[in-house]
Amino acid sequence: MSKIKYIVILLICYGLYKGYVAFTNFEIGVADRVTQLEEASDFERQGEVIALMMYLGDPPQLNEHLLVKSKSKCLEMKQIAEETSFAYYECAIVDANLKGGKITSINEELEVIQ
């Protein structure tokens with residue numbers, strides 16, 4: 001009788017594990033699918049995001065910008081970029097137009113992240 005209990009417990013644990021994996025994969029898949037649909041449909045939206053911006057020139061002018069997921073990741077990337085380049089870099093929260101997970105244009109710089 002005890003062997004049957006162990007088998008039932010193992011089957012329940014396996015079922016819970018498979019349910020958890022399916023749920024987490026579904027969440028990841030949905031986010032990826034939304035990004036793919038936005039890219040395919042040329043859908044453009046506006047929102048506040050964190051951006052790593054590169055300035056070049058004597059009067060510094062914005063040359064490049066990159067969408068970043070978190071403040072800590074932006075500051076880490078800024079430090080690496082400043083060590084390997086002569087450009088001026090800045091992390092900021094900006095109001096930008098987004099298309100397919102990328103910044104197409106920056107409307108306004110809201111806050112500089114230190």
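Bear in mind the structure is a predicted one, so any value in this text is a computation, not a measurement. Just so it is clear, the values below take in all heavy atoms, side chains as well, and ignore hydrogens, waters and symmetry mates.
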### Query
Under 4.5 Å between any side-chain heavy atoms of Val49 and Val94, yes or no?
yes
ring-ring contact (aromatic ring centres under 6.0 Å, His included) pairs touching residues 90-114, sequence neighbours excluded, are none
When rounded to the nearest 0.5 Å, the distance separating CD of Gln61 from CG of Leu56 is 9.5 Å
Hits for side-chain hydrogen bond (donor to acceptor under 3.5 Å, both in side chains) against Thr84, two or more places apart or cross-chain, chain-then-number order -> none
Residue pairs passing the side chain to side chain donor-acceptor pair (under 3.5 Å) test with at least one member in residues 9-23, sequence neighbours excluded, are none
Sorted by chain and number, sequence neighbours left out, side-chain hydrogen bond (donor to acceptor under 3.5 Å, both in side chains) with Gln46 holds for Asp95
Disulfide bond (SG atoms under 2.5 Å apart) pairs touching residues 46-77, sequence neighbours excluded, are Cys74-Cys91
d(Leu67 CG, Lys102 NZ) to nearest 0.5 Å is 10.5 Å
Nearest heavy-atom contact between Leu62 and Met53 is CD1-CB, 3.5 Å
For Leu10, the hydrophobic cluster (side chain heavy atoms closer than 4.5 Å, chained through members) also holds none
Applied to residues 94-114, the ring-ring contact (aromatic ring centres under 6.0 Å, His included) test, sequence neighbours excluded, yields none
OH (Tyr89) and NZ (Lys78) are apart, to the nearest 0.5 Å, by 11.5 Å
The side chain to side chain contact (heavy atoms under 4.5 Å, CB included) partners of Ile7 (sequence neighbours excluded) come to Leu11
Side chain to side chain contact (heavy atoms under 4.5 Å, CB included) filter on Glu76, not counting sequence neighbours, yields Lys73, Ile80
Exercise answer: donor-acceptor pairs, residues 104-114 side-chain atoms, under 3.5 Å, sequence neighbours excluded:
residue, atom, partner, partner atom, Å
Thr104, OG1, Asn97, O, 3.0
Ser105, OG, Asn97, ND2, 3.0
Asn107, ND2, Asn97, OD1, 3.3
Glu109, OE1, Tyr55, OH, 3.3

Sequence neighbours excluded, the answer for side chain to side chain contact (heavy atoms under 4.5 Å, CB included) partners of Glu64 is Met54
